[in-house]
Structure formats: C-alpha cells, structure tokens
Number of protein chains: 2
Amino acid sequence: MDDVFKALADPTRRRILDELAERDSQSLFEICARLTTKHGLGLSRQGVSQHLAVLEAAGLVRTRRQGRYKFHDLDPEPLERILNRWLRPDMPENTQ
Amino acid sequence: MDDVFKALADPTRRRILDELAERDSQSLFEICARLTTKHGLGLSRQGVSQHLAVLEAAGLVRTRRQGRYKFHDLDPEPLERILNRWLRPDMPENTQ
DNA sequence: ACAATAGGCAAGTAATGACTTGCCTATCAA
DNA sequence: TTGATAGGCAAGTCATTACTTGCCTATTGT
C-alpha cells in the first residue's frame, strides 16, 4: 500500500498513468514520445524507465516482455483498495 | 490536485487521516497522544502540526478555532475526485 | 497577575527522491 | 555478422521534504 501512494505522489507518473489509461500496451519509447509531444514533458528515457519501475513495483502497471519490446498496461486494482480506506468506513477489512 | 497526492504520500499523514476518520474534532495534542500510544509513532508536536498543515492545504482536513483549541475534521471530498481519474474513464470532466 | 496549557514561526539538519550521464546486454533486420 | 533499436544497471547531482529545537503568542484557571 505504501508503494501505491508514493507512486501516485509524482505528477510525471500520474501523466504516465493517464497515457496508459488512454492507450494500453505501450513500450517505453512510445511512452517517452507521447510524454514529450502531448504533455510537453522533456525528460530522458532513463527517467521514464525509473518512473515505470516505481509504478510496476506499486502494482499500478503490469508489464510483459515480447521480443525486444516490453509492453506496459495499467492495473487500476490498487486504486480501488485505496478508495475503501477512507471513503467506505463501514467495511470491516480496511487493514491496509 | 497535486497537493492531495503529495499529502497522501507520507505514511504518518495517512495515520492521521485514519485517526480523524475514527474520531472527529480532535485537537493537535489529542492527535499527538493517539499517534504515540495507538500507533507507536514517536514524533514531536511540531512534526504533527506540520503534517496537519499539509493535510489542510490539500483540503483533506478542515479546522475550526475554538478558544485556545483548534479542532481538526476529515474531509474526504478530494479523495473522491482523485479516484475518479483512473477508475471511471467514461466521465468527461476528468481534467485534473 | 501569573503560571500552565494550546498552538505558531523559523531556521537548521539529515534523508529521500527525481533526473542525468555513461556504459552494458539483448533482439532484430540488412 | 554487423549495425541499429529497445531496454537495463549504477553512480552522481540537485532539489525536496520530514523532523527537530528554540523561541514567541494567545487563551484559560487559580
């Protein structure tokens, strides 16, 4: 749980989630290109790679290797669990 | 919006939100006491005060002065807007 | 009035995090 | 098999942030 909040704390990572929400299964270079063109973010490939690693560690992004490509997909499941922590106080199993 | 994510990034601040979700209208000293006793967190009064300021700036906590006391209340509204960002992609006004 | 209580302000420190650069590995196409 | 493409690893820098300490203001009880 801690990892999810920390992952969401950075605005660039939130942009990446936006990007993956809009179009699934993008490679690292695709994400790089879109961040610079669509969102005007100019940061190095390695910068984006590190952000993706954080998102993956938090369970917000799932990856699959295919040849020399690595595709990234959004997984919104951890967000739903967050939601239940303070918004649905009636449920018993909020032990995060 | 940015402030909300940054506020949620810190585990101590999340504990404070937990505490306020459990019992509303606590003063700074009450929150300090509960953090140390219930959650085993040992940090200074000023530390807690700064955390509360961050939460208040993010709109997650509302305060009201009453004599020499300042009471704190949880406001979950920003959380709802945050989570709609990736969980409900159908809604048009997700421009956060 | 005075001491105790509740809280605020500001500066300093130590740790965390974002980002870059340089180099290395793996896959594919010619 | 060689060159180009996709990605990974590791160290270094710079900014942010969490936390403390010391001192100051305001309210309350005796």
Side-chain angles (χ1 to χ4, degrees), chain A residues 1-20 23-37 39-73, chain B residues 1-20 23-37 39-73:
Chain A
M1 265 307 103
D2 203 81
D3 296 335
V4 181
F5 288 103
K6 282 193 180 164
L8 292 172
D10 186 86
T12 304
R13 282 195 287 269
R14 296 198 296 271
R15 286 285 156 226
I16 293 176
L17 290 184
D18 287 336
E19 197 47 60
L20 290 177
R23 167 191 275 232
D24 245 359
S25 296
Q26 296 191 58
S27 73
L28 171 60
F29 275 73
E30 284 180 281
I31 297 171
C32 280
R34 294 188 165 237
L35 285 180
T36 51
T37 61
H39 302 283
L41 293 178
L43 79 163
S44 72
R45 172 186 60 88
Q46 195 60 21
V48 179
S49 176
Q50 285 167 353
H51 281 306
L52 285 169
V54 173
L55 290 170
E56 190 176 0
L60 287 162
V61 164
R62 301 225 169 264
T63 63
R64 66 204 139 81
R65 202 72 199 243
Q66 191 171 330
R68 60 175 158 176
Y69 299 100
K70 188 180 182 184
F71 295 112
H72 302 263
D73 296 275
Chain B
M1 267 308 103
D2 203 80
D3 295 336
V4 182
F5 288 104
K6 283 193 179 164
L8 292 172
D10 185 86
T12 303
R13 282 195 285 272
R14 296 198 296 272
R15 285 286 156 225
I16 293 176
L17 291 183
D18 288 335
E19 196 48 58
L20 290 177
R23 168 192 276 231
D24 246 358
S25 296
Q26 297 190 57
S27 73
L28 171 59
F29 274 74
E30 284 180 281
I31 297 170
C32 280
R34 296 189 163 237
L35 285 180
T36 51
T37 61
H39 302 283
L41 293 179
L43 80 162
S44 72
R45 172 186 61 90
Q46 194 60 21
V48 179
S49 176
Q50 285 167 352
H51 281 306
L52 286 169
V54 173
L55 290 170
E56 190 176 0
L60 288 162
V61 164
R62 301 226 169 266
T63 63
R64 67 203 140 83
R65 202 73 198 245
Q66 193 171 329
R68 61 176 156 176
Y69 299 98
K70 188 179 182 184
F71 295 112
H72 303 262
D73 296 274

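By convention in this document, chain letters (A, B, ...) are assigned in the order of the sequence lines, proteins followed by strands, and residues within each chain are numbered from 1.
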For this session: Give one of base, sugar-phosphate or nothing for G67(A), where a contact means two heavy atoms less than 4.0 Å apart.
Result: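 Sugar-phosphate: the residue G67(A), judged by heavy atoms under 4.0 Å, touches backbone atoms but no base.
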Length of the [atom1]-[atom2] vector between [X] and [N], whole Å:
X: Y69(A); N: dA26(C); atom1: OH; atom2: P; value: 18 Å
X: R15(B); N: dC19(D); atom1: CZ; atom2: P; value: 14 Å
X: D10(B); N: dA18(D); atom1: CG; atom2: C1'; value: 7 Å
X: L52(B); N: dA18(D); atom1: CG; atom2: C1'; value: 14 Å
X: L28(A); N: dT27(C); atom1: CG; atom2: C1'; value: 15 Å
X: D2(A); N: dA18(D); atom1: CG; atom2: P; value: 12 Å
X: L35(B); N: dC19(D); atom1: CG; atom2: C1'; value: 14 Å
X: I31(B); N: dG8(C); atom1: CD1; atom2: P; value: 11 Å

Look at [X] and [N] and indicate whether a side-chain polar atom (N or O) is within less than 4.0 Å of OP1 or OP2.
X: K70(B); N: dA6(C); answer: no
X: S44(A); N: dT20(C); answer: yes
X: R65(A); N: dT27(C); answer: no
X: H51(A); N: dG17(C); answer: no

For this session: Would you mind telling me which residue lines up with the more 5' stretch of DNA chain C, S49(B) or G47(A), judged by nearest nucleotide?
Result: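 Per heavy-atom nearest nucleotide, the more 5' residue is S49(B).
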Problem set entry | Along DNA chain C (nearest heavy atom to each residue), the more 5'-positioned of Q50(B) and R45(B) |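 With Q50(B) and R45(B) compared, the 5'-side residue is R45(B).
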Do [X] and [N] share a donor-acceptor pair, side chain to base, under 3.5 Å?
X: Q66(B); N: dT27(D); result: no
X: R68(B); N: dG29(D); result: no
X: Q46(B); N: dC9(C); result: yes

Problem set entry | Heavy-atom closest contact (A7(A) atom, L55(A) atom, distance) |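 In terms of heavy atoms, the two residues are closest at CB-CD2, 4.1 Å.
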Exercise. Taking it one step at a time, do L41(B) and V48(B) satisfy side chain to side chain contact (heavy atoms under 4.5 Å, CB included)?
Worked result: CA-CA 10 Å; L41(B) 293 179; V48(B) 179; over 6 Å; no
Exercise. Rounded to the nearest 0.5 Å, how far apart are CD of Q50(B) and CZ of R45(B)?
Worked result: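 Going from CD on Q50(B) over to CZ on R45(B), the span is 10.0 Å.
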Exercise. With a 4.0 Å cut-off, would you call D18(A) and R15(A) a salt bridge?
Worked result: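 Looking at D18(A) and R15(A), the cut-off is met.
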Exercise. Pick from H72(A), E30(A), R64(A): which one makes a side-chain hydrogen bond (donor to acceptor under 3.5 Å, both in side chains) with S25(A)?
Worked result: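 It is R64(A); the other options fail the test.
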